[in-house]
Amino acid sequence: DAALKIVGSRLASLLQPGEFVARVGGDEFAAVKRFQSIDSVHDFVARLEAALFEPIMLLDGSKTVTGGSIGVTLFPQDGTQAKGLISNADLAMYRAKQEPGRVVCFYETQMDEAARQRRNLTAELRSAATHGQLELHYQIQNCVKTGMTTGYEALLRWRHPERGMIPPDKFIPLAEECGAIVEIGEWVLRTACNEALSWANPYRVAVNVSPLQLMHGDFAETVQKVLLDTGLPTGRLEIEITETAIASDKNLALHTLRRIRELGVAVAIDDFGAGYSSLGTLRTFPFDKIK
């Protein structure tokens, strides 16, 4: 709150004739400028950016640095009504958020099409499993010393009837945003367990679990039910999570993973060292494998 007040004050102090800025909710601000040349728009945006990123000294003497993403839309080419202009500026802001290192983004008409396609894809994703469009591929896991196969990792793929094969980095984030990942994740778990039963050798099958799955309801109970329903021996299942999956509620995650281990299911931590990594996590949580 203190930081927001300081940022708001700085934004107000930089205003020149024909410029206006207001806080519209949470940590979002809206700014308006009358302009004759695009250079004056760039100057205005540069002043806004500087105010957002200037270090802040709080009342307790601590120093912090804020930041932000800025979306810009122009009248009349980007819209003639306030609602449309604000919506387009919002699209541009989220584009800036999505691109690492980018702070300012001007609206482009393609953003509307991209947003529309994203909405359509999200709606289609919700019914992908029931329409038989999801499938599992398997990545082999070998023992480094002997070269012998020890198991397989289940990899989810979406074979769209019109768009073809959609890679997981395109649809998994959508599934997590809309909440469909919980239902899809259970489908993956159940399907992997069923398919593993048909293998000639009793290899272990590894299944990736989303942070939302781990934090949703009683995930350990879901795992237990799937094992009972499919008949897969507990020792043949391995659950893979990333460290981000346990960051939001470590106590709940620890309780859940301990219950999963008690079932006889192995737990692996995936992508360790790729982002935020803590040796304390390795000491606290019951991992069988580090990837």
Side-chain angles (χ1 to χ4, degrees), residues 1 3-56 64-126 128 158 160 162-164 166-181:
D1 288 343
L4 278 172
K5 289 179 180 179
I6 294 172
V7 170
S9 176
R10 287 177 178 173
L11 292 174
S13 66
L14 62 78
L15 297 179
Q16 297 177 3
E19 298 174 351
F20 174 82
V21 66
R23 176 168 172 258
V24 293
D27 58 355
E28 290 191 341
F29 293 82
V32 182
K33 176 180 176 63
R34 294 183 179 275
F35 70 99
Q36 297 297 324
S37 69
I38 193 66
D39 288 342
S40 66
V41 175
H42 287 296
D43 172 72
F44 183 43
V45 171
R47 284 184 277 127
L48 294 173
E49 181 181 346
L52 291 177
F53 284 85
E54 184 181 348
I56 290 174
T64 187
V65 178
T66 57
S69 299
I70 302 175
V72 184
T73 188
L74 304 176
F75 171 91
Q77 56 264 51
D78 296 335
T80 57
Q81 301 295 319
K83 185 177 180 180
L85 287 166
I86 293 171
S87 177
N88 291 342
D90 206 42
L91 284 175
M93 180 191 70
Y94 277 101
R95 174 65 63 85
K97 279 187 175 184
Q98 291 168 4
E99 298 185 16
R102 188 170 187 177
V103 175
V104 180
C105 182
F106 279 71
Y107 171 77
E108 299 171 354
T109 54
Q110 301 95 310
M111 293 178 186
D112 273 333
E113 176 62 19
R116 185 184 64 80
Q117 288 189 7
R118 188 178 179 87
R119 288 193 298 269
N120 291 343
L121 200 61
T122 299
E124 293 168 352
L125 179 59
R126 291 183 180 277
W158 181 10
H160 193 281
E162 297 173 359
R163 306 171 192 262
I166 301 177
D169 62 339
K170 297 295 184 184
F171 69 85
I172 292 296
L174 291 180
E176 291 180 331
E177 286 177 17
C178 71
I181 191 64

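Note that the numbering runs from 1 along the sequence shown for the chain.
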**Q** Please list all pairs meeting side chain to side chain donor-acceptor pair (under 3.5 Å) that have one or both residues in residues 22-31, counting only residues at least two apart or in different chains.
**A** none
**Q** Working to the nearest 0.5 angstrom, can you tell me the gap between Arg126 CZ and Leu174 CG?
**A** 10.5 Å
**Q** Run the side-chain contact (heavy atoms from CB on, under 4.5 Å) test on Ile38 and Leu74 for me, step by step, so that the C-alpha distance in whole Å, both residues' side-chain angles and the decisive distance to 0.1 Å come before the verdict.
**A** CA-CA 10 Å; Ile38 193 66; Leu74 304 176; 3.8 Å; yes
**Q** Taking C-beta and beyond as the side chain, do Phe29 and Ile70 meet within less than 4.5 Å on heavy atoms?
**A** no
**Q** Does atom CZ of Phe53 have more than 12 heavy-atom neighbours, drawn from other residues, nucleotides or ligands, at distances under 6.0 Å?
**A** yes
**Q** On a heavy-atom basis, which atom in Ala96 and which in Cys105 lie closest, and how many Å separate them?
**A** CB-CB, 3.8 Å
**Q** Is it the case that more than 12 heavy atoms not belonging to Gln36 sit under 6.0 Å from its CD atom?
**A** no
**Q** Distance check, rounded to the nearest 0.5 Å: Arg163 atom CZ versus Phe171 atom CZ?
**A** 13.0 Å
**Q** How many angstroms lie between atom CD1 of Ile166 and atom CD of Glu124, to the nearest 0.5 angstrom?
**A** 7.5 Å
**Q** State, to 0.1 Å, how close Leu15 and Leu11 come at their nearest heavy-atom pair, and which atoms those are.
**A** CG-O, 3.5 Å
**Q** Drop me the distance from Leu125's CG to Ile172's CD1, to the nearest 0.5 angstrom.
**A** 7.5 Å
**Q** Hey, does Phe106 have a side-chain heavy atom less than 4.5 Å from the side chain of Val41?
**A** yes
**Q** What are the two closest non-hydrogen atoms of Thr73 and Leu85, and how far apart are they?
**A** CG2-O, 3.0 Å
**Q** What are the two closest non-hydrogen atoms of Tyr107 and Leu91, and how far apart are they?
**A** CE1-CD1, 4.2 Å
**Q** Tell me whether Arg95 contacts the main-chain N or O of Glu108 through its side chain, where contact means a donor paired with an acceptor under 3.5 Å.
**A** no
**Q** So which atom in Ala31 and which in Leu48 form the shortest heavy-atom distance, rounded to 0.1 Å?
**A** CB-CD1, 4.0 Å
**Q** If you take all heavy atoms of Leu52 and Gly68, which pair is closest and at what distance?
**A** CD1-CA, 4.3 Å
**Q** Write out all pairs satisfying side chain to side chain donor-acceptor pair (under 3.5 Å) with one or both partners inside residues 41-50, taking only residues at least two apart or from two chains.
**A** Glu19-Arg47, Asp43-Arg47
**Q** Would you give the length of the straight line joining atom CZ of Arg102 to atom OG of Ser69, rounded to the nearest 0.5 angstrom?
**A** 10.0 Å
